[in-house]
Amino acid sequence: MLAMRPGLLLLDEPTANLDPAGVAEVREAVERLVATRETTLVVVEHRVETWVDLVDRVVVLEPGGGVRAEGAPDAVLGAQGAELAAAGIWVPGRHPQVARGPRRAATTELLAADDLAVGRRRFGERTPRVAADGIDVAVHAGRTTAILGPNGAGKSTLGLTLAGLLAPVAGRVRAHPALADTLGDAPIRWRSRDLAARIGTVFQDPEHQFLRGSVRDELEVGPRALRRPDAEVAAVRDRLAERLRLAHLLDANPFTLSGGEKRRLSVATALATAPRVLVADEPSFGQDALTWAELVRLLDELVAEGTALVTVTHDLALVDALADERFALPAAAREVVR
């Protein structure tokens, strides 16, 4: 879009899922174009810090329609900052704080990677391209492990491999008997039903995991696959929909939701089977401050109850709120796939 040197540039959360260096690069490139005064910039954004010094005007929209506040950045985010923060706006310097629940001193190891190499096959190729290797990491019940690193380092590929959805290129992923029971210690060999009951996955792209034509049916997919009673299916559906602010959308098609609503639905569908391990790739993107805080509180409660959480993320606020261990992948020194 920048190469076209447009007269009007519309950006909708343009830095979502980018590492900090990528965020800075995008902002600097946009700033250079806008500095020519030949382009008008409109940015749709939750996290406003990146753009607040670049824009001349801030418009805050009401959830039900209409304009809540409008004016110069200092006038809107300064004078009305406390009120807007309470309404869920990411006001600089007024971010939500979530108190972490108690953690268990000694916990059971549920998954472990030993000298693991991860990668994916591109179309038409027989051999997967290695995205990251030499990985040793353990996942424990009641603990949160944050997988960090720049874009292209192999974080998402590692997450899918730990979740039993991608085969290791080398090394192995071992499931502890406390998680595997009698299934064997290689999650990649488990049936989908057995995997869903033990390891839930939130994909980086929410649309990749939607299967049904309504939010209601989407929330019921996992519990019904596990042959849970109808009353239990309905209770789980309604609890998660209410908790993640999706109750008013139960009849909507998942593909018609906003980006943030799709993300919350994808988290809810992974939680619906009550897995002992949750692998969540960028679980917090696209959220206003209130839904972000509610999502973090829900994940924190699950970890306090014994769920093992693995999160792939660039959201350092999420890491600060939840992470017990941080596992950082270095920048790749070769061509990789995400």
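Position 1 is the first residue of the sequence, and the numbers go up from there.
Salt-bridge check for E218 with R212: failed, with every basic side-chain N at 4.0 Å or more from each acidic carboxylate O. Taking 4.0 Å as the cut-off between side-chain N and carboxylate O, R27 and E31 count as a salt-bridged pair. Between D230 and R224 a salt bridge is recorded (basic side-chain N to carboxylate O distance below 4.0 Å). With respect to D315 and R47, a salt bridge is recorded, a charged nitrogen being found less than 4.0 Å from a carboxylate O. Between E125 and R122, no side-chain nitrogen of the basic residue sits less than 4.0 Å from a carboxylate oxygen of the acidic one, so the salt-bridge criterion is not met. A salt bridge links R103 to D300: at least one charged side-chain nitrogen sits closer than 4.0 Å to a carboxylate oxygen.
L240 and I199 end up in different hydrophobic clusters when Ile, Leu, Val, Met, Phe, Trp and Tyr side chains are linked at under 4.5 Å. Clustering ILVMFWY residues whenever any of their side-chain heavy atoms sit less than 4.5 angstrom apart, transitively, puts L226 in a cluster other than the one holding L278. In the hydrophobic clustering of ILVMFWY residues, with side-chain heavy atoms under 4.5 Å counting as a link, V277 and L309 come out apart.
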Could you check R143 against T107 for side-chain hydrogen bond (donor to acceptor under 3.5 Å, both in side chains), going step by step and ending with a plain yes or no? CA-CA 8 Å; R143 307 283 286 180; T107 62; 5.0 Å; no
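In this structure the side chain of R57 reaches within 4.5 angstrom of the side chain of V59, judged on heavy atoms. Taking 4.5 Å as the limit, every side-chain heavy atom of V118 sits out of range of all side-chain heavy atoms of P168. The shortest side-chain heavy-atom distance between F203 and S266 does not fall under the 4.5 Å cut-off. Here the side chains of L8 and L41 are not in contact, with every heavy-atom distance at 4.5 Å or above. Side-chain atoms of L322 and V303, non-hydrogen and from C-beta on, never get closer than 4.5 Å to each other. The side-chain heavy atoms of R227 and R193, taken from C-beta on, include a pair separated by under 4.5 Å. Here the side chains of L110 and T108 are in contact, with some heavy-atom distance below 4.5 Å. Annotation: side chain of T269 is in contact with side chain of Q209 (closest heavy-atom distance under 4.5 Å).
A distance-only check finds a donor-acceptor pair linking the side chain of K155 to the backbone of P150 [under 3.5 Å]. With D205 contributing its side chain and H208 its backbone, the two residues share no donor-acceptor pair below 3.5 Å. The closest donor-acceptor contact from the side chain of E28 to the backbone of E25 lies at 3.5 Å or more, if one exists at all. At distances below 3.5 Å, at least one donor-acceptor pair connects side-chain atoms of T273 with backbone N or O atoms of A196. Remark: the backbone N or O of T144 is paired with a side-chain donor or acceptor of D324 at under 3.5 angstrom. Using a distance-only test at 3.5 Å, with no hydrogens or angles considered, a donor-acceptor pair links the side chain of W190 to the main chain of G184. Remark: side-chain polar atoms of R68 are not paired, donor with acceptor, to backbone N or O of L61 under 3.5 angstrom. Of the possible donor and acceptor atoms, one in the side chain of R198 sits under 3.5 Å from a partner among the backbone N and O of D194. Counting only distance, with no hydrogens or angles, the side chain of D281 and the backbone of V202 share no donor-acceptor pair below 3.5 Å. A donor-acceptor pair is defined here as one N or O able to donate and one able to accept, closer than 3.5 Å; such a pair exists between the side chain of H46 and the backbone of G286.
A pairwise comparison of heavy atoms in F285 and G259 identifies CE1-O, 4.3 Å as the closest pair.
For the residue pair T50 and E45, no side-chain donor N or O sits within less than 3.5 Å of a side-chain acceptor on the partner. Using modelled atom types, one finds a donor on one side chain and an acceptor on the other under 3.5 Å when comparing H95 with E49. Using a 3.5 Å distance cut-off with no hydrogens or angles, the side chains of Q287 and R264 do pair a donor with an acceptor. No donor-acceptor contact under 3.5 angstrom links the side chains of D251 and S214, judged on distance only. Remark: the T291 side chain and the R245 side chain contain no N/O donor-acceptor pair separated by less than 3.5 Å. Side-chain contact of H314 with N151: a donor-acceptor pair under 3.5 Å is present, judged by distance alone.
In E207, the CD atom is crowded: over 12 heavy atoms of neighbouring residues, nucleotides or ligands sit closer than 6.0 Å.
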